[in-house]
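We count ligands from 1, going down the list as the structure has it; atoms in each ligand are counted the same way. Here the structure is a predicted model, which is why all the values come from computation and not from measurement.
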Amino acid sequence: MNTFNKLLSIIVPCYNEEESVPLFYAETIKQEAFFHEKGVEFEFVFVNDGSRDKTVEQVKKLHEKDERVHLVSFSRNFGKEAAIVAGFEKARGDIVVLMDADLQDPPALLPEMYQNIESGYDSVATRRVDRKGEPPIRSWFARRFYGLMRRISKTDIVDGARDYRMMTRQVVDAILSMREYNRFSKGIFGWVGFDTKWLEYENIQRAAGETKWSFWKLFLYSLDGIMAFSTVPLSIASFLGILFCVVAFAFLIFIFVRALAFGDNVAGWPSTICVITLLGGLQLLCLGIMGQYLSKLYLEVKDRPKYLVKEEF
Ligand code: UDP
Ligand code: MG
């Protein structure tokens, strides 16, 4: 009879993962022996993010065999970020690890992650060193995004970082203390700080099912990330304003001197139209940026729940 003195919660956000869930469980449970030796017990927290397939049934089947399997099932699809929060809130573990259901986060890494926690790290993060098997255009945009983030945000957001992370209770509580509605986990993990160990591995293809992220969804998600962790876009308006004041002033002097020297002439209609449309466009752009932040603010102020639970055990 083993006596366990620690609990490891494995949080798994699932959206239409009926094929992956049993595979995931089977693969992950293989690591159990290592943890039992260390006196660590497992707990699974599957978060069903409004799947339209049989994901819930699959989790229930696992629960019948294994009581340590838990479920939080949403009333609809709230997105992976909401699923992560729900998982963190449900998890009771002294140590918590966040994993994708599709086995792109290799369970074989769990022992090494745990050893790092044991040796004193608060959090163990992973990043993939390549993006093999991904459409090149997606990789290109992803790299641009991380490059931009590094420049305009003070928070450390690492290129290729996965959400695959193991952390202590202290870090989990820190993350849960961030109550924001518009969540961007990669930024949140960096923002809370603590001693983080990075492990690297090569990209792994999905075990079953297909990716839930279209290019467009990822693009919008990256905008969320920028707005949640940087206010630089807001200063674009002020910067352009100053720039154009200087240009306008120089232009004014030029016209004034020219009028004095050569007299007034009416030509210059095309240039006038160009200036007007350019300025009009810039003003709308700046207004749009402001509108984006305002819309985020609007959602924060409404303080709606991040997710609604239909069923849990
Ligand atoms: N996921 C989710 N809600 C969503 C989209 C995705 O819970 O709205 C989960 C999904 O089931 C998977 C993880 O988030 O466990 C990562 O998704 P996916 O593998 O599709 O992303 P990719 O690895 O292609 O970036
Ligand atoms: Mg995946």
Side-chain angles (χ1 to χ4, degrees), residues 9-28 44-59 62 69-91 96-107 109 126-143 145-146 157-165 182-186 188-189 201-222 224-225 306-312:
S9 301
I10 301 173
I11 300 175
V12 196
C14 304
Y15 178 48
N16 296 342
E17 301 281 9
E18 59 178 4
E19 291 163 80
S20 306
V21 165
L23 288 176
F24 173 86
Y25 177 82
E27 276 303 310
T28 310
F44 290 88
V45 180
F46 288 93
V47 184
N48 167 44
D49 185 12
S51 301
R52 280 184 297 270
D53 63 0
K54 301 240 177 328
T55 301
V56 172
E57 280 79 351
Q58 292 294 352
V59 177
L62 291 177
V69 173
H70 299 279
L71 171 76
V72 181
S73 187
F74 290 176
S75 61
R76 63 168 170 86
N77 180 250
F78 281 88
K80 188 183 179 187
E81 291 292 339
I84 292 175
V85 182
F88 278 146
E89 280 171 355
K90 176 89 175 170
V96 172
V97 62
L98 184 62
M99 296 175 84
D100 283 1
D102 57 8
L103 289 175
Q104 279 188 305
D105 300 333
L109 220 55
T126 58
R127 64 181 286 264
R128 38 182 193 173
V129 284
D130 62 355
R131 290 175 169 273
K132 239 186 278 149
E134 203 185 54
I137 181 104
R138 178 175 294 197
S139 309
W140 189 85
F141 272 101
R143 271 196 292 273
F145 168 71
Y146 286 108
I157 294 167
V158 179
D159 187 4
R162 306 267 316 163
D163 289 337
Y164 187 18
R165 265 183 195 250
N182 295 289
R183 297 183 82 86
F184 184 69
S185 282
K186 288 185 171 74
I188 289 177
F189 294 146
Y201 65 90
E202 278 176 16
N203 196 24
I204 299 167
Q205 305 275 328
R206 210 169 215 290
E210 54 195 39
T211 179
K212 310 299 179 297
W213 297 87
S214 64
F215 184 80
W216 182 240
K217 225 173 145 186
L218 270 180
F219 178 73
L220 293 180
Y221 185 56
S222 68
D224 280 350
K306 296 178 188 74
Y307 58 87
L308 292 172
V309 175
K310 185 175 162 212
E311 188 184 4
E312 70 181 307

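- Under a 3.5 Å cut-off, the side chain of T126 and the backbone N or O of Y164 do form a donor-acceptor pair.
- Listed by chain and number, the residues in a side chain to side chain donor-acceptor pair (under 3.5 Å) with Y307 are E89 (sequence neighbours excluded).
- Looking at K217, its side chain does come within 3.5 Å of a backbone N or O of K212 through a donor-acceptor pair.
- Judged by the 6.0 Å and 45° rule, R76 forms a cation-pi pair with F78.
- Scored by the side-chain contact (heavy atoms from CB on, under 4.5 Å) test, N182 finds K296, L299, E300 as partners (sequence neighbours excluded).
- One N or O on the side chain of D53 and one on the backbone of E18 form a donor-acceptor pair closer than 3.5 Å.
- For the pair E19 and R206, the salt-bridge criterion is not met [side-chain N within less than 4.0 Å of a carboxylate O].
- Y201 and R127 form no side-chain donor-acceptor contact under 3.5 Å, judged by distance and modelled atom types alone.
- Take the Mg ion (ligand 2) and draw a sphere of radius 2.8 Å; the protein N/O/S atoms inside it number 2.
- Contact residues of ligand 1 (protein heavy atom closer than 4.0 angstrom to a ligand atom; sorted by chain and number): P13, C14, Y15, E17, D49, N77, G79, K80, D100, A101, D102, Q104, R206, T211, K212, W213, K217.
- For the residue pair E81/S185, the side-chain donor-acceptor check at 3.5 Å is satisfied.
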